[in-house]
Number of protein chains: 2
Amino acid sequence: MAHADNGRTRILDSAATVLRQKGLAGAKLSEIAKGAGMLAPSIYHHFPSKDHLVEEVMMEGIYHNSRHIVARVEVLGPDAAPLVRLRAAIVAHIDFLLSGDDYSSAVARVFNDLPDEMRRRVLAAYSSFDNYWRDLIVAAQADGSASATLDPTVVRKFLIAMLDSCSSWYRPGKLAPAQIAEQAADLLLHGFAGSSRPA
Amino acid sequence: MAHADNGRTRILDSAATVLRQKGLAGAKLSEIAKGAGMLAPSIYHHFPSKDHLVEEVMMEGIYHNSRHIVARVEVLGPDAAPLVRLRAAIVAHIDFLLSGDDYSSAVARVFNDLPDEMRRRVLAAYSSFDNYWRDLIVAAQADGSASATLDPTVVRKFLIAMLDSCSSWYRPGKLAPAQIAEQAADLLLHGFAGSSRPA
DNA sequence: GTCTATAATCAGATAGAC
DNA sequence: GTCTATCTGATTATAGAC
């Protein structure tokens, strides 16, 4: 299950790994092919172009990520307090990113470098998930447990940027992913100011 | 003063603009040259390679940015409360980024794509400025006005990632830079939770 | 389905005239 | 100091054998 052994999936897995590490322009087809145990031209038996391959990695990454986070939030049930749900989403997002999912890390790394038309399509696919974050944020404001003076869109942009940045600076050995996730949630929900914070 | 008219500076200005908009791989020498009113090979009269040119843009960007922020913080005087100084730094950083400085935006955009050796050098140049942020953070923790349970390094990474993200999603016409800056400072210092915040 | 050529393209870099 | 012309190298993509 971890490594599907058909060629197409091996190529996708390898592409996600290389894209995550090298970025869009740095991801050469020859290296992707090597990771899949074949040579570059063989990729064209499975994908019509590099762009198509990259786009499929992006779509997979979005799907992996959103499915994981939604599952971790919805297990709390719809009656959980909005802030509890939001915290769960934050922790799940970092957890997932740092637990090494190459697909979602690849999205975080190369999204801004995508060709315009492709970025539009990927963004469209992302929008339902974006709305999920937005709903979590707005729900907390609606029931009075979060600051209504903050713009929900700005909060979401800052939140996602902050969380996504982890994959570029996290190195195993110092803080564990779970600790970083807790710090992110504390910082976002309660802020840096204040000598202690509510439990 | 806005546009120095010697060739070398025109090339640097154009490179910063193109790097900011297109990223590292997307920034072609021909386009940089066009922005400077010349053709690609002429660049080599002023710079030995594209890498040298890019590195100089990065160094300028760091210098611009740090000088601006330090000035806006230090005008408060050393006796200002640490949190007041930190807030000033946050506001100044966003202000500067969104006010359209191409050099510092270029740094935020391409830093992660830089070749390894060059990224090390740029990071080294950045480290004194990094320490400046760190000192602001640690000072607030030391005098009890900020949470001591948060790791200063993690706070700094999250903070910078959040602020730098502005340049990729900000569009004139909605919230003004000053408003975004205020929201960033409120979110970071006081958090999203809480129905109101201290003045 | 993967391989060995090889084409087509493009961008960074160089040579040398003006 | 900038140009025209050209070289070099890398990379995506194709053709066709096995």
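Chain naming here is simple, since letters A, B, ... match the order of the sequence lines and numbering starts at 1 in each.
Checking each of B:Ile137, B:Val138, B:Leu188, B:Leu86 against B:Val155 for a side-chain contact (heavy atoms from CB on, under 4.5 Å) leaves exactly one that passes, namely B:Ile137. When each of A:Asp13, A:Asp101, A:Asp102 is checked for a salt bridge (Lys or Arg N to Asp or Glu O under 4.0 Å) with A:Arg20, only A:Asp102 meets the rule.
Remark: the A:Asp51 side chain and the A:Ser49 side chain contain no N/O donor-acceptor pair separated by less than 3.5 Å. Inspection of the B:Glu56 and B:His52 side chains reveals no N or O donor paired with an N or O acceptor under 3.5 Å.
Atoms CG and CG, on A:Asn65 and A:Leu97 in that order, are 7.0 Å from each other to the nearest 0.5 Å. To the nearest 0.5 Å, atom CD1 of residue A:Ile69 and atom CZ of residue A:Phe96 are 8.0 Å apart.
Between the C1' atom of C:dA11 and the CG atom of B:Leu24 lies a distance of 13 Å, rounded to the nearest Å. Atom-to-atom, CD1 of B:Ile43 to C1' of C:dT14 comes out at 14 Å; the value is rounded to the nearest Å. Nucleotide D:dA10 holds its C1' atom 15 Å from the NZ atom of A:Lys22, rounded to whole Å. C:dT2 atom P lies 18 Å from atom NZ of A:Lys34, rounded to whole Å. The CG atom of B:Asp51 sits 16 Å away from the P atom of C:dA11 (whole-angstrom rounding). Nucleotide D:dG1 holds its P atom 10 Å from the CZ atom of B:Arg10, rounded to whole Å. When the P atom of C:dA11 is taken as reference, atom CD1 of B:Ile32 falls 12 Å away, rounded to whole Å. The distance between atom CG of B:Asn6 and atom C1' of D:dT2, rounded to the nearest whole Å, is 15 Å.
Each of D:dT4, D:dT12, D:dG1 was ranked by its minimum atom distance to the side chain of A:Lys28; first place goes to D:dT12. When the nucleotides D:dA5, C:dG12, C:dG1 are ranked by their closest atom to the side chain of B:Leu29, C:dG12 comes out on top. Of the candidate nucleotides C:dT4, C:dA11, D:dT11, C:dT4 has the atom nearest to the side chain of A:Leu39. Among the nucleotides C:dG1, D:dA5, D:dA15, the one closest to any side-chain atom of A:His45 is C:dG1. For B:Ser42, counting side-chain heavy atoms from C-beta on, the closest listed nucleotide (D:dT2, C:dG1, C:dC3) is D:dT2. Each of D:dT2, D:dT12, C:dA15 was ranked by its minimum atom distance to the side chain of A:Lys50; first place goes to D:dT12. The side chain of B:Tyr44 has C:dA13 as its nearest neighbour among D:dA15, D:dT12, C:dA13.
Consecutive Watson-Crick or G-U pairs involving DNA chain C, each under 3.5 Å on both distances, make up stems of three or more pairs at C:1-11 with D:8-18, C:13-18 with D:1-6.
Aromatic ring orientation, B:Tyr126 versus B:Phe129: perpendicular (interplanar angle above 60°, classes split at 30° and 60°).
Comparing A:His46 and A:Pro41, the nucleotide of DNA chain C nearest to each residue sits closer to the 5' end for A:His46.
Among the protein residues, A:Ala33 comes within range of no part of the nucleic acid, since none of its heavy atoms lies under 4.0 Å from any strand. Looking at heavy-atom distances under 4.0 Å, A:Ala25 makes no contact with the nucleic acid at all.
Residues B:Leu114 and B:Ile62 share a single hydrophobic cluster, defined by chaining ILVMFWY side chains whose heavy atoms lie under 4.5 Å apart.
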